[in-house]
Amino acid sequence: MRWPFPLVPQVDELLSSFLVRASHLHGLAPYRFCAYHFPNIPIWNRDIDRSAPDALLIAIAEKADLPWEQVVGMTLRSAATTLGSDVEGNSPWINAVGVYHRLRRRWGQQYCPACLIEHPVFYRSWRLSFVVTCRRHQVRLQDACPHCDVPLAIHRQQLSACLCHACSLPLSRKAADSPLSARALWLAQSRWEHALTDNHAMISRARIPAQALFQGARVLMNLIKPSGSIGPKTHSVTMELARVEKRAEVLLHLERLIEQWPDGFSAAARQRHLTQRSFVRWSLPDWLGTVVDQLPRGNSRAGAAHRGTNSIRARLEASRRQGGAWRTARAELLWRAANP
Ligand SMILES: [Zn+2]
Ligand SMILES: [Zn+2]
(Lines give C-alpha, C1' and ligand atoms only; values in the text may rest on other atoms or scores of the structure.)
(Ligands and ions follow the chains in the order given, each with its own letter.)
Protein backbone atom coordinates (compact mmCIF):
# COMPACT_ATOMS: atom_id res chain seq x y z
CA MET A 1 0.00 0.00 0.00
CA ARG A 2 1.35 3.39 -0.97
CA TRP A 3 1.39 6.28 1.46
CA PRO A 4 -1.92 8.17 1.33
CA PHE A 5 -0.13 11.54 1.10
CA PRO A 6 2.72 11.51 -1.40
CA LEU A 7 5.82 13.53 -0.65
CA VAL A 8 8.52 14.79 -3.01
CA PRO A 9 12.14 14.68 -1.76
CA GLN A 10 13.97 18.00 -1.84
CA VAL A 11 17.24 18.36 -3.73
CA ASP A 12 20.05 16.76 -1.68
CA GLU A 13 17.66 15.74 1.10
CA LEU A 14 18.74 12.98 3.47
CA LEU A 15 16.72 9.78 3.58
CA SER A 16 16.09 10.17 7.33
CA SER A 17 14.83 13.71 6.79
CA PHE A 18 12.47 12.50 4.06
CA LEU A 19 11.09 9.74 6.30
CA VAL A 20 10.59 12.14 9.20
CA ARG A 21 8.75 14.60 6.95
CA ALA A 22 6.59 11.79 5.55
CA SER A 23 5.72 10.69 9.10
CA HIS A 24 4.73 14.20 10.17
CA LEU A 25 2.71 14.67 6.99
CA HIS A 26 0.72 11.60 7.99
CA GLY A 27 0.26 12.86 11.54
CA LEU A 28 2.41 10.17 13.15
CA ALA A 29 5.68 10.06 15.04
CA PRO A 30 8.48 8.65 12.84
CA TYR A 31 8.80 5.54 14.98
CA ARG A 32 5.09 4.66 14.66
CA PHE A 33 4.91 5.57 10.99
CA CYS A 34 7.90 3.40 10.08
CA ALA A 35 6.86 0.50 12.32
CA TYR A 36 3.55 0.42 10.44
CA HIS A 37 4.88 0.77 6.88
CA PHE A 38 8.20 -1.08 7.26
CA PRO A 39 7.59 -3.78 9.90
CA ASN A 40 10.62 -5.89 10.73
CA ILE A 41 13.10 -3.47 9.17
CA PRO A 42 15.26 -1.75 11.78
CA ILE A 43 15.38 1.96 10.96
CA TRP A 44 15.88 4.39 13.81
CA ASN A 45 18.43 2.26 15.64
CA ARG A 46 20.61 2.38 12.50
CA ASP A 47 22.36 5.15 10.60
CA ILE A 48 20.14 4.67 7.55
CA ASP A 49 21.62 7.66 5.73
CA ARG A 50 25.00 5.98 5.68
CA SER A 51 24.06 2.32 5.42
CA ALA A 52 20.41 1.68 4.57
CA PRO A 53 19.84 -1.93 3.51
CA ASP A 54 18.48 -2.50 0.00
CA ALA A 55 15.30 -4.01 1.47
CA LEU A 56 14.46 -0.67 3.10
CA LEU A 57 15.25 1.35 -0.02
CA ILE A 58 13.08 -0.92 -2.17
CA ALA A 59 10.22 -0.65 0.34
CA ILE A 60 10.48 3.16 0.47
CA ALA A 61 10.54 3.39 -3.33
CA GLU A 62 7.34 1.38 -3.41
CA LYS A 63 5.51 3.19 -0.61
CA ALA A 64 6.53 6.67 -1.71
CA ASP A 65 6.07 5.81 -5.40
CA LEU A 66 9.56 7.04 -6.28
CA PRO A 67 12.19 5.63 -8.65
CA TRP A 68 14.80 3.47 -6.93
CA GLU A 69 17.59 5.80 -8.08
CA GLN A 70 15.95 8.73 -6.35
CA VAL A 71 15.67 6.82 -3.08
CA VAL A 72 19.28 5.58 -3.20
CA GLY A 73 20.26 9.14 -4.07
CA MET A 74 19.00 10.29 -0.67
CA THR A 75 21.60 8.13 1.08
CA LEU A 76 25.34 8.81 1.30
CA ARG A 77 26.20 5.74 -0.81
CA SER A 78 27.46 7.55 -3.88
CA ALA A 79 29.56 9.94 -1.78
CA ALA A 80 31.01 7.01 0.17
CA THR A 81 32.29 5.48 -3.08
CA THR A 82 34.54 8.50 -3.63
CA LEU A 83 35.34 9.13 0.02
CA GLY A 84 36.53 5.53 0.48
CA SER A 85 36.26 3.13 3.39
CA ASP A 86 38.78 1.85 5.89
CA VAL A 87 39.55 -1.68 7.01
CA GLU A 88 37.05 -1.50 9.86
CA GLY A 89 34.29 -0.61 7.42
CA ASN A 90 34.02 2.99 8.69
CA SER A 91 33.19 5.72 6.25
CA PRO A 92 35.92 8.34 6.08
CA TRP A 93 34.70 11.92 5.71
CA ILE A 94 31.16 11.05 6.77
CA ASN A 95 30.36 12.30 10.27
CA ALA A 96 29.47 9.64 12.79
CA VAL A 97 26.17 10.13 14.58
CA GLY A 98 26.94 7.60 17.33
CA VAL A 99 23.84 5.43 17.08
CA TYR A 100 22.95 4.00 20.48
CA HIS A 101 19.59 2.27 20.31
CA ARG A 102 17.36 5.10 19.13
CA LEU A 103 19.60 7.79 20.61
CA ARG A 104 22.44 9.70 18.98
CA ARG A 105 25.60 10.23 20.97
CA ARG A 106 27.76 12.03 18.43
CA TRP A 107 27.48 15.45 16.88
CA GLY A 108 27.53 14.25 13.26
CA GLN A 109 24.19 15.66 12.12
CA GLN A 110 24.93 19.28 11.34
CA TYR A 111 22.51 21.95 10.18
CA CYS A 112 22.33 25.56 9.10
CA PRO A 113 19.92 27.45 11.39
CA ALA A 114 18.94 29.83 8.58
CA CYS A 115 18.24 27.02 6.08
CA LEU A 116 16.13 25.19 8.63
CA ILE A 117 13.86 28.19 9.10
CA GLU A 118 13.31 28.41 5.34
CA HIS A 119 12.78 24.67 4.79
CA PRO A 120 12.41 22.02 7.50
CA VAL A 121 14.77 19.70 5.62
CA PHE A 122 18.14 18.12 6.47
CA TYR A 123 20.61 17.83 3.61
CA ARG A 124 23.16 15.16 2.67
CA SER A 125 26.01 17.63 2.56
CA TRP A 126 25.47 18.37 6.27
CA ARG A 127 26.77 14.90 7.12
CA LEU A 128 30.10 15.43 5.34
CA SER A 129 33.10 16.12 7.56
CA PHE A 130 34.55 18.81 5.31
CA VAL A 131 31.30 20.81 5.23
CA VAL A 132 31.35 23.33 8.06
CA THR A 133 29.67 26.40 6.60
CA CYS A 134 26.48 27.12 4.68
CA ARG A 135 27.27 28.46 1.24
CA ARG A 136 23.92 30.21 0.91
CA HIS A 137 23.82 31.96 4.25
CA GLN A 138 27.56 32.27 4.87
CA VAL A 139 27.17 31.04 8.42
CA ARG A 140 28.84 28.28 10.37
CA LEU A 141 26.91 25.03 10.58
CA GLN A 142 25.83 23.91 14.03
CA ASP A 143 26.21 20.36 15.28
CA ALA A 144 23.98 20.43 18.36
CA CYS A 145 21.08 22.21 19.97
CA PRO A 146 22.30 25.75 20.77
CA HIS A 147 20.48 25.60 24.13
CA CYS A 148 21.25 22.15 25.60
CA ASP A 149 24.12 21.01 23.30
CA VAL A 150 22.47 17.63 22.70
CA PRO A 151 23.25 16.03 19.31
CA LEU A 152 20.30 16.17 16.94
CA ALA A 153 18.02 13.13 16.66
CA ILE A 154 15.57 14.27 14.02
CA HIS A 155 13.43 11.12 14.29
CA ARG A 156 12.63 12.16 17.86
CA GLN A 157 11.37 15.61 16.93
CA GLN A 158 7.67 15.56 17.63
CA LEU A 159 6.39 18.88 16.39
CA SER A 160 8.82 20.56 14.07
CA ALA A 161 12.25 20.14 12.48
CA CYS A 162 13.10 23.54 13.95
CA LEU A 163 12.74 22.49 17.59
CA CYS A 164 15.21 20.50 19.68
CA HIS A 165 13.86 17.01 20.46
CA ALA A 166 15.35 17.19 23.96
CA CYS A 167 14.51 20.68 25.25
CA SER A 168 11.92 21.80 22.66
CA LEU A 169 13.68 25.15 22.19
CA PRO A 170 14.31 26.57 18.70
CA LEU A 171 17.37 25.24 16.83
CA SER A 172 17.48 28.51 14.94
CA ARG A 173 19.39 30.41 17.62
CA LYS A 174 22.81 31.32 16.27
CA ALA A 175 25.81 29.76 17.98
CA ALA A 176 28.56 31.94 19.45
CA ASP A 177 30.83 33.65 16.92
CA SER A 178 33.94 31.74 15.91
CA PRO A 179 37.41 33.29 15.76
CA LEU A 180 38.10 31.45 12.49
CA SER A 181 37.81 33.42 9.26
CA ALA A 182 34.52 32.62 7.56
CA ARG A 183 35.93 33.41 4.12
CA ALA A 184 39.04 31.24 4.58
CA LEU A 185 36.86 28.38 5.75
CA TRP A 186 34.49 28.73 2.89
CA LEU A 187 37.41 28.58 0.42
CA ALA A 188 38.92 25.56 2.17
CA GLN A 189 35.59 23.76 2.15
CA SER A 190 35.10 24.48 -1.57
CA ARG A 191 38.17 22.43 -2.48
CA TRP A 192 36.59 19.27 -1.05
CA GLU A 193 33.11 20.01 -2.33
CA HIS A 194 34.44 20.48 -5.87
CA ALA A 195 36.51 17.31 -5.64
CA LEU A 196 33.43 15.31 -4.68
CA THR A 197 31.29 16.85 -7.43
CA ASP A 198 33.89 16.83 -10.21
CA ASN A 199 35.50 13.54 -9.17
CA HIS A 200 38.94 15.05 -9.56
CA ALA A 201 41.03 17.78 -7.97
CA MET A 202 44.06 19.90 -8.77
CA ILE A 203 47.12 19.79 -6.54
CA SER A 204 50.08 21.89 -7.54
CA ARG A 205 48.70 22.06 -11.11
CA ALA A 206 48.44 18.28 -11.33
CA ARG A 207 45.05 16.68 -11.85
CA ILE A 208 44.40 13.80 -9.47
CA PRO A 209 41.37 11.57 -8.89
CA ALA A 210 39.11 12.75 -6.05
CA GLN A 211 39.48 9.37 -4.35
CA ALA A 212 43.25 9.86 -4.15
CA LEU A 213 42.81 13.35 -2.69
CA PHE A 214 40.50 12.16 0.08
CA GLN A 215 42.69 9.12 0.82
CA GLY A 216 45.87 11.17 1.11
CA ALA A 217 44.27 14.00 3.09
CA ARG A 218 43.09 11.53 5.69
CA VAL A 219 46.69 10.44 6.20
CA LEU A 220 47.76 14.07 6.59
CA MET A 221 44.99 14.63 9.13
CA ASN A 222 46.36 11.83 11.25
CA LEU A 223 49.49 13.91 11.66
CA ILE A 224 47.67 17.14 12.41
CA LYS A 225 46.66 18.01 15.92
CA PRO A 226 43.63 20.20 16.53
CA SER A 227 46.02 22.81 17.82
CA GLY A 228 47.46 22.91 14.34
CA SER A 229 50.92 21.50 14.85
CA ILE A 230 51.88 18.38 13.01
CA GLY A 231 54.16 15.62 14.14
CA PRO A 232 54.52 11.88 14.47
CA LYS A 233 53.81 11.71 18.19
CA THR A 234 50.65 13.76 18.32
CA HIS A 235 47.13 12.62 19.02
CA SER A 236 45.37 12.03 15.76
CA VAL A 237 42.16 13.78 14.88
CA THR A 238 39.38 11.51 13.79
CA MET A 239 37.63 13.96 11.57
CA GLU A 240 34.37 12.01 11.52
CA LEU A 241 34.11 12.10 15.32
CA ALA A 242 35.24 15.67 15.87
CA ARG A 243 32.90 18.57 16.53
CA VAL A 244 32.35 21.21 13.91
CA GLU A 245 34.74 23.76 15.38
CA LYS A 246 37.61 21.25 15.48
CA ARG A 247 36.89 20.10 11.95
CA ALA A 248 36.96 23.70 10.82
CA GLU A 249 40.43 24.12 12.35
CA VAL A 250 41.72 20.96 10.71
CA LEU A 251 40.31 22.05 7.34
CA LEU A 252 42.22 25.31 7.54
CA HIS A 253 45.47 23.51 8.35
CA LEU A 254 44.97 21.04 5.55
CA GLU A 255 44.30 23.91 3.19
CA ARG A 256 47.57 25.59 4.12
CA LEU A 257 49.46 22.37 3.40
CA ILE A 258 47.75 21.62 0.11
CA GLU A 259 47.65 25.18 -1.19
CA GLN A 260 51.44 25.33 -1.20
CA TRP A 261 52.00 21.73 -2.21
CA PRO A 262 54.58 20.29 -1.93
CA ASP A 263 56.74 23.01 -0.35
CA GLY A 264 54.33 23.73 2.52
CA PHE A 265 54.22 20.07 3.43
CA SER A 266 57.97 19.56 3.12
CA ALA A 267 58.67 22.54 5.37
CA ALA A 268 56.12 21.40 7.99
CA ALA A 269 57.47 17.85 7.84
CA ARG A 270 61.05 19.07 8.32
CA GLN A 271 60.02 21.27 11.20
CA ARG A 272 58.32 18.34 12.92
CA HIS A 273 61.00 15.76 12.08
CA LEU A 274 58.62 13.59 10.06
CA THR A 275 60.31 10.78 8.19
CA GLN A 276 59.23 8.06 5.78
CA ARG A 277 58.74 5.86 8.81
CA SER A 278 56.05 8.21 10.09
CA PHE A 279 53.94 7.15 7.11
CA VAL A 280 54.61 3.41 6.81
CA ARG A 281 51.31 2.34 8.35
CA TRP A 282 49.29 3.94 5.57
CA SER A 283 48.87 3.16 1.94
CA LEU A 284 49.64 6.44 0.18
CA PRO A 285 48.30 7.77 -3.10
CA ASP A 286 50.97 8.91 -5.58
CA TRP A 287 50.59 12.65 -4.97
CA LEU A 288 51.49 12.15 -1.33
CA GLY A 289 53.76 9.12 -1.70
CA THR A 290 56.22 10.83 -4.06
CA VAL A 291 56.65 13.70 -1.60
CA VAL A 292 56.94 11.39 1.41
CA ASP A 293 59.64 9.44 -0.44
CA GLN A 294 61.77 12.55 -0.36
CA LEU A 295 61.69 12.74 3.43
CA PRO A 296 64.55 11.24 5.42
CA ARG A 297 64.17 7.51 5.77
CA GLY A 298 63.88 7.74 9.52
CA ASN A 299 66.05 6.72 12.43
CA SER A 300 69.04 7.62 10.34
CA ARG A 301 71.39 10.01 12.07
CA ALA A 302 72.81 11.10 8.74
CA GLY A 303 69.26 11.91 7.63
CA ALA A 304 69.94 10.71 4.11
CA ALA A 305 67.07 10.73 1.70
CA HIS A 306 66.14 7.42 0.10
CA ARG A 307 64.01 8.02 -2.88
CA GLY A 308 61.94 6.17 -5.44
CA THR A 309 61.74 2.43 -5.54
CA ASN A 310 64.30 2.10 -2.76
CA SER A 311 62.26 3.97 -0.14
CA ILE A 312 60.87 1.98 2.78
CA ARG A 313 57.35 2.77 1.70
CA ALA A 314 57.93 1.70 -1.89
CA ARG A 315 59.54 -1.53 -0.76
CA LEU A 316 56.70 -2.25 1.65
CA GLU A 317 54.15 -1.60 -1.07
CA ALA A 318 56.07 -3.86 -3.45
CA SER A 319 56.28 -6.68 -0.92
CA ARG A 320 52.55 -6.31 -0.19
CA ARG A 321 51.74 -6.50 -3.91
CA GLN A 322 53.78 -9.67 -4.27
CA GLY A 323 51.48 -11.25 -1.70
CA GLY A 324 52.42 -14.45 0.09
CA ALA A 325 55.02 -13.72 2.73
CA TRP A 326 54.59 -9.93 2.72
CA ARG A 327 54.03 -9.81 6.45
CA THR A 328 57.42 -11.39 7.08
CA ALA A 329 59.04 -9.11 4.53
CA ARG A 330 57.35 -6.09 6.14
CA ALA A 331 58.56 -7.06 9.61
CA GLU A 332 62.06 -7.52 8.26
CA LEU A 333 62.08 -4.13 6.50
CA LEU A 334 60.76 -2.34 9.56
CA TRP A 335 63.34 -4.09 11.75
CA ARG A 336 66.14 -3.01 9.43
CA ALA A 337 64.80 0.52 9.28
CA ALA A 338 64.70 0.67 13.06
CA ASN A 339 68.21 -0.73 13.37
CA PRO A 340 70.25 0.87 10.59
ZN1 LIG B 1 21.92 28.01 5.22
ZN1 LIG C 1 17.98 21.38 23.24
Answer whether the closest heavy-atom distance between the side chains of [X] and [Y] falls below 4.5 Å.
| X | Y | answer |
| --- | --- | --- |
| Ser283 | Gln215 | yes |
| Leu57 | Leu15 | yes |
| Gln109 | Trp126 | yes |
| Ser91 | Leu76 | no |
| Thr75 | Ile48 | no |
| Val97 | Pro151 | no |
| Cys167 | Cys145 | yes |
| Leu254 | Trp192 | yes |

Nearest heavy-atom neighbours spanning [X] and [Y]:
| X | Y | result |
| --- | --- | --- |
| Trp107 | Ala144 | CD1-CB, 3.4 Å |
| Arg140 | Val132 | CD-O, 3.1 Å |
| Leu25 | Pro6 | CD2-O, 3.9 Å |
| Met221 | Val250 | CG-CG1, 3.7 Å |
| Arg102 | Asn45 | CG-N, 4.2 Å |
| Gly84 | Pro92 | O-CD, 3.0 Å |

Please check: side-chain N/O of [X] versus main-chain N/O of [Y], any donor-acceptor pairing under 3.5 Å?
| X | Y | result |
| --- | --- | --- |
| Ser23 | Leu19 | yes |
| His194 | His200 | no |
| Trp287 | Ala212 | yes |
| His273 | Ala269 | no |
| Thr238 | Leu241 | no |
| Arg124 | Val11 | no |
| Thr275 | Arg277 | yes |
| Arg77 | Ala52 | yes |
| His26 | Phe5 | yes |
| Arg247 | Ala242 | yes |

To the nearest 0.5 angstrom, please state how far the [atom1] atom of [X] sits from the [atom2] atom of [Y].
| X | Y | atom1 | atom2 | result |
| --- | --- | --- | --- | --- |
| Ile43 | Cys34 | CD1 | SG | 4.0 Å |
| Phe265 | Leu295 | CZ | CG | 5.0 Å |
| Gln276 | Gln294 | CD | CD | 9.5 Å |
| Ser125 | Glu13 | OG | CD | 12.0 Å |
| Ser17 | Asp12 | OG | CG | 10.0 Å |
| Ile203 | Ile258 | CD1 | CD1 | 5.0 Å |

**Q.** Transitive ILVMFWY cluster of Leu103, excluding itself - 4.5 Å side-chain cut-off
**A.** Tyr100
Q | Candidates Lys246, Arg218, Arg127 - the one meeting salt bridge (charged side-chain N to carboxylate O under 4.0 Å, His left out) with Glu240 | A | Arg218
Q) What's the verdict on side chain to side chain contact (heavy atoms under 4.5 Å, CB included) for Leu116 and Ser172, showing C-alpha distance, side-chain angles and the deciding distance? A) CA-CA 7 Å; Leu116 214 50; Ser172 55; over 6 Å; no
Q: Verify side-chain hydrogen bond (donor to acceptor under 3.5 Å, both in side chains) between His253 and Arg256, making sure each step is shown before the conclusion.
A: CA-CA 5 Å; His253 289 299; Arg256 267 176 232 134; 3.0 Å; yes
**Q.** Parallel, tilted or perpendicular, as decided by the 30° and 60° cut-offs, for the rings of Phe122 and Tyr111
**A.** perpendicular
Q | Ile58 reachable from Met74 in the ILVMFWY side-chain graph, under 4.5 Å edges | A | yes
Q) In terms of hydrophobic clusters joined by side-chain contacts under 4.5 Å, are Trp68 and Leu7 together? A) yes
Q) Taking atom CD of Glu245 as the centre, does the number of heavy atoms from other residues, nucleotides or ligands within less than 6.0 Å exceed 12? A) yes
(Q) Would you say that more than 12 heavy atoms from the other residues, nucleotides or ligands in this model lie under 6.0 Å from the CZ of Arg135, or not? (A) yes
Q. Step by step, would you call Trp93 with Thr82 a side chain to side chain contact (heavy atoms under 4.5 Å, CB included)?
A. CA-CA 10 Å; Trp93 299 100; Thr82 305; over 6 Å; no
(Q) Walk me through whether Cys112 and Val139 qualify under side chain to side chain contact (heavy atoms under 4.5 Å, CB included). (A) CA-CA 7 Å; Cys112 164; Val139 297; 3.8 Å; yes
Q: Before giving the answer on side chain to side chain contact (heavy atoms under 4.5 Å, CB included), spell out for Leu152 and His165 the whole-Å C-alpha distance, their side-chain angles and the decisive distance to 0.1 Å.
A: CA-CA 7 Å; Leu152 265 59; His165 73 278; 5.6 Å; no
Q | Arg191: partners by salt bridge (charged side-chain N to carboxylate O under 4.0 Å, His left out), with sequence neighbours left out | A | Glu255
Q: With sequence neighbours excluded, tell me which residues meet salt bridge (charged side-chain N to carboxylate O under 4.0 Å, His left out) with Asp149.
A: Arg243
Q: Compute the centroid of each ring, for Phe130 and then for Phe214, and state whether the two points are separated by less than 6.0 Å.
A: yes
